[in-house]
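Numbers here are sequence positions counted from 1.
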Amino acid sequence: MPAARESLLDAAFAALARRPWARIRMTDVAAAAGVSRQTLYNEFGGKDGLARALVRREAEAYLNGVERALTGVPGAAGPGERLAAAAVWTVRAGTENPLVRAVLTGCWNERLPCPAPPSPTRPAPTGGPSRPPGSPRSSRAAVVEPVPAPVDLLGQARDRAVRLLEAEWPPGGPVELARACETAARLALSYVLVPAPAVEVASAVRGALARSG
């Protein structure tokens with residue numbers, strides 16, 4: 001039920017803006033999404049599964065934003081300008097979205113869900129209402145995916161930048177391109193920790209790439 005799944009994630013994200021994760025009840029999330037609590041448990045297996053799915057969705061939305069920033073610079077912008085735009089997006093996303101900030105930095109405060117790493121030997125979470133007799137078990141709840149670590153998310157952002165810029169990169173080879181993308185990503189991360197105006201972030205990335213080139 002893709003529509004129900006997205007509605008539940010939207011409801012959980014909205015609830016997180018109003019109260020700490022520990023005080024969010026599954027019943028309230030289901031009601032806000034307009035589905036039954038059974039549907040929520042079928043989709044996510046439990047509250048920890050919902051937390052993992054929510055964090056992974058926001059991380060993927062951040063990565064999609066990186067791609068939009070890299071491809072959305074107007075005019076004949078070079079790779080350096082595109083990386084600067086991606087850095088500005090990273091700082092903006094990390095400032096505006098607490099889940100993106102947490103997964104980028106590894107700093108989880110008491111208001112946020114901090115999903116435990118999934119264990120392949122641990123049985124699927126329980127505690128939800130029992131399934132009606134004869135109803136199928138959702139395969140989604142059995143699929144347990146970990147939340148990306150900061151180094152993983154940073155690496156994914158770098159790899160997407162390399163893929164999108166490799167056709168435009170001046171002669172010098174893929175090693176130099178990967179290094180430039182890594183530099184821009186790590187510099188952006190430093191500004192997520194200590195935010196600054198967009199113009200300063202972009203200027204810092206341009207300067208770092210100019211010195212490394």
Side-chain angles (χ1 to χ4, degrees), residues 2 5-6 9-10 13 51-108 112 115 117-118 140 143-213:
R5 186 177 179 85
E6 284 303 308
L9 292 172
D10 288 342
F13 188 78
R52 274 194 299 273
L54 180 60
V55 173
R56 288 184 64 85
R57 185 186 74 162
E58 297 307 306
E60 184 62 27
Y62 156 70
L63 291 171
N64 291 337
V66 169
E67 291 196 0
R68 288 194 301 272
L70 288 165
T71 59
V73 179
E81 285 301 310
R82 297 181 188 279
L83 286 172
V88 169
W89 160 252
T90 294
V91 177
R92 175 184 165 193
T95 301
E96 296 178 355
N97 189 324
L99 291 178
V100 172
R101 178 184 175 87
V103 77
L104 277 171
T105 63
C107 300
W108 300 81
L112 301 178
R140 292 184 184 275
V143 177
V144 182
E145 297 180 322
V147 170
V151 66
D152 297 327
L153 193 61
L154 193 71
Q156 291 179 54
R158 178 203 60 220
D159 292 346
R160 293 192 186 200
V162 169
R163 175 173 55 81
L164 291 170
L165 296 178
E166 58 186 353
E168 304 176 37
W169 194 251
V175 174
E176 286 73 12
L177 172 58
R179 185 180 298 118
C181 293
E182 179 89 9
T183 297
R186 290 187 177 278
L187 190 54
L189 179 58
S190 72
Y191 280 104
V192 170
L193 293 168
V194 185
V199 63
E200 182 177 330
V201 176
S203 178
V205 170
R206 293 188 197 103
L209 295 179
R211 288 192 294 273
S212 64

With heavy-atom distances below 4.5 Å as the criterion, would you say the side chains of [X] and [Y] are in contact?
X	Y	answer
N97	E58	yes
Y62	L104	yes
V100	L153	no
V162	P174	no
R56	P148	yes
T105	P150	no
V103	V147	yes

Does R57 pair with E6 as a salt bridge, N-O distance under 4.0 Å? yes
With [X], which residues qualify under side chain to side chain donor-acceptor pair (under 3.5 Å), at least two apart?
X	answer
R160	E60, N64, E67
E166	none
R68	none

What pairs with R158 under salt bridge (charged side-chain N to carboxylate O under 4.0 Å, His left out), at least two apart in sequence or on another chain? E182
For D152, check salt bridge (charged side-chain N to carboxylate O under 4.0 Å, His left out) against everything at least two apart and list the hits. none
Rounded to the nearest 0.5 Å, how far does SG of C181 lie from CG of L70? 7.5 Å
Drop me the distance from R186's CZ to L189's CG, to the nearest 0.5 angstrom. 8.0 Å
Just checking R163: does its CZ atom have more than 12 heavy atoms from other residues, nucleotides or ligands closer to it than 6.0 angstrom? yes
How close do P146 and R52 get, heavy atom to heavy atom, and via which atoms? CA-CD, 4.4 Å
Nearest heavy atoms of A161 and L83, plus distance in Å: CB-CD2, 4.0 Å
Show your working on salt bridge (Lys or Arg N to Asp or Glu O under 4.0 Å) between E96 and R101 and close with a plain yes or no. CA-CA 8 Å; E96 296 178 355; R101 178 184 175 87; over 6 Å; no
Between side-chain atoms of residues 190-210 and protein atoms elsewhere (two or more places apart, or another chain), which donor-acceptor pairs fall under 3.5 Å?
| from | atom 1 | to | atom 2 | distance (Å) |
| --- | --- | --- | --- | --- |
| S190 | OG | L187 | O | 2.5 |
| R206 | NE | E81 | OE1 | 3.4 |
| R206 | NE | E81 | OE2 | 2.6 |
| R206 | NH2 | E81 | OE1 | 3.3 |

